[in-house]
Every structure is written in C-alpha cells, then in structure tokens.
Amino acid sequence: MPSMTTPSDDTSTGRFEFWREVVGQSFVPLEALPREVPDFRASLHTAQLGAVQVSVVAADPHGVAHTRRHIASDPADFVKVSLQLAGQCMLTQADRQALLQPGELAIYDTRHPYTLDFDQPYRTLVLMFPRVMLRLPERDLTRMIATTVSCSDGLGPVVHPFLCGLAGQVPQLDALGTQRLADSVVDLVGAMLSERCAVHAAHQDDGRELLAQRILTYMEQRLSDPGLGPDRIAAAHHISRRFLYKLLAERGYTVSGWLRERRLAECLRDLADPALAHMPVATVGSRWGFPDPAHFSHAFKSAYGMSPSEARGAGRTVLGA
C-alpha cells in the first residue's frame, strides 16, 4: 500500500480533511476528530504482511473514533494491536481506559466501539488482523481489551525489539512479507498477551480474595448486630448483593449461614464460660445477634443437638475439654 502524507502546500484545515479521508479508508471505518492545534501534519505507512496489516502512524494531536454506526455499516471482525513508539495515547473501549506510553501496547476489538485520543505529537505501530488468527480464548481477549501491557518484563523484552524492527521495515514488507511471517508476528503478540492475561487473572483473583477477607472481617466485627444483613454488607463494600452472594459462595459460604454459624459458636463459648454463668441464656443469645429467645433456642439446638441451658450445664465438656 502507498505511503500517505498530509500535503505540505495546503492549510492546516485542508491537511486534516485529507487525513480524515486517509484514516477512514485505511483501517476499519473510523472518524478522525480534530483538536485545537496551531497546525496539523500526519503520515501513514502501511504494508500487507499476509493477512496482517502493518502500519506506522505519525501525527499531530487529534482523536479517532470507531462508532456503532461504523460497525453497523461494516461489521469487520478484526483485532488491532497498537505499540506506542513516541508520544502517548488514551485508548477507550468496553468502559476501560488504557494510557499508552512509549514501550507499551494494547489490544482492541473492531466488533465494539472504541476511541483513541492523542494529546501530543505521536508515532505508533498498528497491527490489524482477523481475530481468529490470535487464537486467544474469547474470555481472555475480553479480559485484555483496553489494558496497558508493558514491554519491560516477561516476554516484552523479546517482543518489543521485534515489533520495533517491523515498524522500521514497513516499506520493504510488501515485497518480503509472507503468511508464515504474519503468523509468527501474531503468535509472538498472542504469547505475550496470554502471559499477561494469566498475570492479570491472578491479580483479579487476589483482589477477589482480599475483598472476601475484608467482607468476612466486617461481618465478624458486627456479629452482635441483629440488623446485619446482605444489603448492608454489600453497600458497605460498594458491590451488588448478587456479587456478594457469588463471592462468598466461591468459598463455600452463604451470608446467613456464615453469620448463624459464627454467632452460635460465640454463644456456645459464652455458655461454657464459668465467668459468665450469671448471665441469663436469653441475654447470651441477644448479645450475639439473637434477640428472639425462642429463635435462639431453636437454632442452637439444631446446630449442637442440645438446648442452650443444657450446653451451659455441660460446661466445658461441650467444647471438648
């Protein structure tokens, strides 16, 4: 494909209009969005490497949008990978934002709307290829969309020089490129993304575990509150009630079951404590979130096979002492 550079003998507005047409025709349908800059210049160098389109874009500040209207008119099933070479880019897709600095890359999916915002002069390498070439499970692709991937660790130091070399050889790629090389490019990028996806998933899992522990600690500290329930617990942790249930179910708990078990265990401990022998059984229950004596007695007997009074009579024997 030919290189395209904004004409030097036109006005800034004319050059941007020229660029708008270039952008709209060179990838999937896109709309170039102007920014207030004193001048505008841009260039695009593109080569076809088998099924992989390799492009190097350099331009002054502007934005790009791939909208639902574009998708409706041309539902192309590609993924795009951008490696920031200079300047910076804000990629937005699927309610996520990735700020790309030089040496960082990100992947985005042409089946869904996205925007790119360049607030300073930039240079970037863009790979575009059919989604099926990536061989990345849909779940992993979704997880990696619009996330910043650094090339400084893991497979990054291997992949980054290769991609930079590719960017420097765009004028020769049409003649030198083969589908085998295209597959190698995608496989390298896919290996790097798979590696980062595993790390990302582990971080997500760690985050869920930390959240679950915070929730259990919150519940533990409020066992004596009979009004403690799913709605309050979920609101205190800024999550939905449904997610609260799911988070605890993953660890074998229900909210009500966990609270009941812990409250009854504290009641059992108090009933077996000689220092609390003066305390009425109903007060022990109320102290741990059972304000209704009849409900407390029923729940306790269901759990331990004896009434609270019988447990007090048995003393420390109940605890296995």
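These values consider heavy atoms only, across backbone and side chains, with no hydrogens, waters or symmetry-generated copies. Numbers here are sequence positions counted from 1.
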Peer 1: Between Arg35 and Asp119 (salt bridge meaning N to carboxylate O under 4.0 Å), is one present in this structure?
Peer 2: no

Peer 1: Just by modelled atom types, is the Thr67 backbone N or O under 3.5 Å from a matching donor or acceptor in the His70 side chain?
Peer 2: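 Checking the backbone N and O of Thr67 against the side chain of His70, a donor-acceptor pair under 3.5 Å is found.
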
Peer 1: Identify the heavy atoms of Gly87 and Pro102 that sit nearest to each other, and give their distance.
Peer 2: O-CD, 3.1 Å

Peer 1: Are Leu188 and Val132 grouped together when hydrophobic residues (ILVMFWY) are joined by side-chain heavy atoms under 4.5 angstrom apart?
Peer 2: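 Leu188 does not cluster with Val132.
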
Peer 1: Just by modelled atom types, is the Met279 backbone N or O under 3.5 Å from a matching donor or acceptor in the Thr283 side chain?
Peer 2: no

Peer 1: Can you confirm if the NZ or CZ of Arg214 lies within 45° of the ring axis of Tyr218 and under 6.0 Å from the centre of its six-membered ring?
Peer 2: no

Peer 1: Side chains of Leu264 and Phe290: closer than 4.5 Å at any heavy-atom pair?
Peer 2: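 Side chain of Leu264 against side chain of Phe290, heavy atoms only: contact under 4.5 Å found.
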
Peer 1: Do Val284 and Glu266 have side chains that get closer than 4.5 Å, going by heavy atoms?
Peer 2: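 No, side chains not in contact.
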
Peer 1: Going through the checks in order, is the salt bridge (Lys or Arg N to Asp or Glu O under 4.0 Å) test met by Asp153 and Arg196?
Peer 2: CA-CA 10 Å; Asp153 53 16; Arg196 299 310 164 87; 2.9 Å; yes

Peer 1: Is the backbone of Ala294 close enough, under 3.5 Å, to the side chain of Ser297 for a donor and an acceptor to pair up by distance?
Peer 2: no

Peer 1: Do we see a donor-acceptor contact under 3.5 Å between the side chains of Gln93 and Asp109?
Peer 2: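 Judged by distance alone, the side chains do not pair up.
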
Peer 1: So, taking the atom named CZ in Arg131 and the one named CZ in Arg111, what distance separates them when rounded to the nearest 0.5 Å?
Peer 2: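 Here the interatomic distance stands at 3.5 Å.
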
Peer 1: If every non-hydrogen atom of Pro130 is compared with every non-hydrogen atom of Ala51, which pair is closest and at what distance?
Peer 2: CD-O, 3.5 Å

Peer 1: Using every non-hydrogen atom in the two residues, find where Pro171 and Gly168 come nearest and quote the distance to one decimal.
Peer 2: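 Shortest heavy-atom contact: CD-O, 4.3 Å.
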
Peer 1: Before you tell me yes or no, could you show the steps for Leu259 and Thr254 under side chain to side chain contact (heavy atoms under 4.5 Å, CB included), namely the whole-Å CA-CA distance, both residues' side-chain angles and the distance that decides it to 0.1 Å?
Peer 2: CA-CA 8 Å; Leu259 287 172; Thr254 64; over 6 Å; no

Peer 1: In Å, rounded to the nearest 0.5 Å, how long is the span from OH of Tyr253 to CZ of Arg262?
Peer 2: 10.5 Å

Peer 1: Under 3.5 Å, is there a donor-acceptor pair between the side chain of Gln84 and the main chain of Leu105?
Peer 2: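 Pair absent, no side-chain N/O of Gln84 close to backbone of Leu105.
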
Peer 1: Are Leu271 and Leu276 joined in one hydrophobic group, where the rule is that I, L, V, M, F, W and Y side chains link up if heavy atoms are under 4.5 Å apart?
Peer 2: yes

Peer 1: Taking C-beta and beyond as the side chain, do Leu85 and Tyr122 meet within less than 4.5 Å on heavy atoms?
Peer 2: no

Peer 1: What I'd like to find out is whether the side chain of Leu166 reaches to under 4.5 Å of the side chain of Leu127, using heavy atoms alone.
Peer 2: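 In short, these two side chains touch, coming nearer than 4.5 Å.
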
Peer 1: If you measure from CZ on Arg20 to OG1 on Thr6, what distance do you get to the nearest 0.5 Å?
Peer 2: 14.0 Å

Peer 1: Please report the closest heavy-atom contact between Ala234 and Leu244, naming both atoms and the distance.
Peer 2: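 Looks like N-CD2, 4.1 Å.
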
Peer 1: Looking at Val281 and Phe296, what are the two nearest heavy atoms and their distance?
Peer 2: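 Taking Val281 first and Phe296 second, the nearest heavy atoms are O-CE2, 3.6 Å.
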
Peer 1: Determine, step by step, whether Ser43 and Thr5 satisfy the side chain to side chain donor-acceptor pair (under 3.5 Å) criterion, reporting the C-alpha distance in whole Å, the side-chain angles of both residues, the deciding distance to 0.1 Å, and the verdict.
Peer 2: CA-CA 4 Å; Ser43 66; Thr5 302; 5.0 Å; no

Peer 1: Does a sphere of radius 6.0 Å around CG in Asp95 hold more than 12 heavy atoms from other residues, nucleotides or ligands, not counting ones at 6.0 Å or beyond?
Peer 2: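 Not buried by this count: 12 neighbours or fewer within 6.0 Å.
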
Peer 1: Would you please test Leu116 and Met90 for side chain to side chain contact (heavy atoms under 4.5 Å, CB included) and show each step?
Peer 2: CA-CA 6 Å; Leu116 303 169; Met90 179 68 78; over 6 Å; no

Peer 1: Does NE2 belonging to His298 count more than 12 external heavy atoms closer than 6.0 Å?
Peer 2: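 Open: at most 12 neighbouring heavy atoms sit under 6.0 Å from NE2 of His298.
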
Peer 1: Consider only side-chain N and O atoms of Ser240 and Tyr245, and report whether a donor and an acceptor are under 3.5 Å apart.
Peer 2: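 There is no such pair (donor and acceptor under 3.5 Å, judged by atom type) between the side chains of Ser240 and Tyr245.
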
Peer 1: Identify whether Ile145 and Ile71 are in the same connected component of the hydrophobic contact network (ILVMFWY, side-chain heavy atoms under 4.5 Å).
Peer 2: no

Peer 1: Under a 4.5 Å cut-off applied to non-hydrogen side-chain atoms, are Thr148 and Gln101 in contact?
Peer 2: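 Contact flag for Thr148/Gln101 side chains = no.
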
Peer 1: Nearest heavy-atom pair of Ala272 and Pro274: which atoms, and what distance?
Peer 2: O-CD, 3.3 Å

Peer 1: Please answer whether the main-chain N or O of Gly24 pairs with a side-chain N or O of Glu31 as donor and acceptor at a distance below 3.5 Å.
Peer 2: no

Peer 1: Taking the side chain as every heavy atom from C-beta outward, state whether Val79 and Thr110 have any atom pair closer than 4.5 Å.
Peer 2: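 Val79 does not reach Thr110 side chain to side chain.
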
Peer 1: The test is side chain to side chain contact (heavy atoms under 4.5 Å, CB included); show your working for Ser3 and Val170 and say whether it passes.
Peer 2: CA-CA 10 Å; Ser3 297; Val170 169; over 6 Å; no

Peer 1: Please round to the nearest 0.5 Å and tell me the distance separating atom CG of Leu247 and atom CD1 of Ile239.
Peer 2: 6.0 Å

Peer 1: Mind running side chain to side chain contact (heavy atoms under 4.5 Å, CB included) on Asp140 and Ser194 for me, showing each step along the way?
Peer 2: CA-CA 8 Å; Asp140 290 348; Ser194 293; 5.8 Å; no

Peer 1: Gln88 and side chain to side chain contact (heavy atoms under 4.5 Å, CB included): which partner among Thr124, Leu99, Leu100?
Peer 2: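 By the side chain to side chain contact (heavy atoms under 4.5 Å, CB included) criterion, Gln88 pairs with just one of Thr124, Leu99, Leu100: Leu99.
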
Peer 1: Does any non-hydrogen side-chain atom of Asp183 lie less than 4.5 Å from one of Met133?
Peer 2: yes

Peer 1: How about CD on Glu220, more than 12 heavy atoms from neighbouring residues, nucleotides or ligands closer than 6.0 Å, or not?
Peer 2: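 Yes, CD of Glu220 has more than 12 neighbouring heavy atoms, counting only those of other groups under 6.0 Å.
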
Peer 1: Kindly compute the distance separating CD (Glu310) from OH (Tyr304), expressed to the nearest 0.5 Å.
Peer 2: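 If we round to the nearest 0.5 Å, Glu310:CD and Tyr304:OH are 14.5 Å apart.
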
Peer 1: Quick one: pull up CG in Leu33 and NE2 in His62 and give me the separation to the nearest 0.5 Å.
Peer 2: 8.0 Å

Peer 1: For the hydrophobic clusters of this structure (ILVMFWY residues joined by side-chain heavy atoms under 4.5 Å, transitively), does one cluster hold both Val158 and Leu125?
Peer 2: no

Peer 1: Tell me whether His66 contacts the main-chain N or O of Pro29 through its side chain, where contact means a donor paired with an acceptor under 3.5 Å.
Peer 2: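 Yes; at least one donor-acceptor contact below 3.5 Å.
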
Peer 1: Parallel, tilted or perpendicular: which fits the ring planes of Phe40 and Trp19, with parallel below 30° and perpendicular above 60°?
Peer 2: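 Tilted: the ring planes of Phe40 and Trp19 meet at 30° to 60°.
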
Peer 1: Ser224 side chain to Trp288 main-chain N or O, any donor-acceptor pair under 3.5 Å?
Peer 2: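 The answer is no, because no donor-acceptor pair under 3.5 Å joins these two groups.
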
Peer 1: Do Ser82 side-chain atoms and Val126 backbone N/O form a donor-acceptor pair below 3.5 Å?
Peer 2: no

Peer 1: Would you say Leu216 and Leu211 are hydrophobically clustered, going by side-chain heavy atoms of ILVMFWY under 4.5 Å?
Peer 2: yes

Peer 1: Look at the side chain of Ser184 and the backbone N and O of Arg180, then say whether any donor-acceptor pair between them is shorter than 3.5 Å.
Peer 2: yes

Peer 1: CZ of Phe18: more than 12 outside heavy atoms within 6.0 angstrom?
Peer 2: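 Check passes, neighbour count above 12.
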
Peer 1: Less than 3.5 Å apart, any donor N or O on the side chain of Ser150 or Glu104 sitting next to an acceptor on the other?
Peer 2: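 Not at all, the side chains of Ser150 and Glu104 share no donor-acceptor pair under 3.5 Å.
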
Peer 1: Compare all side-chain heavy atoms of Val54 with those of Thr46 and state whether any distance is below 4.5 angstrom.
Peer 2: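 Side-chain contact under 4.5 Å: no.
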
Peer 1: Within the side chain of Arg263, is there an N or O that forms a donor-acceptor pair under 3.5 Å with the backbone of Leu223?
Peer 2: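 Indeed, once roles are kept as given, a pair shorter than 3.5 Å links the two residues.
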
Peer 1: Consider side chain to side chain contact (heavy atoms under 4.5 Å, CB included). Of Pro38, Ser12, Pro121, which one does Asp60 pass it with?
Peer 2: Pro121

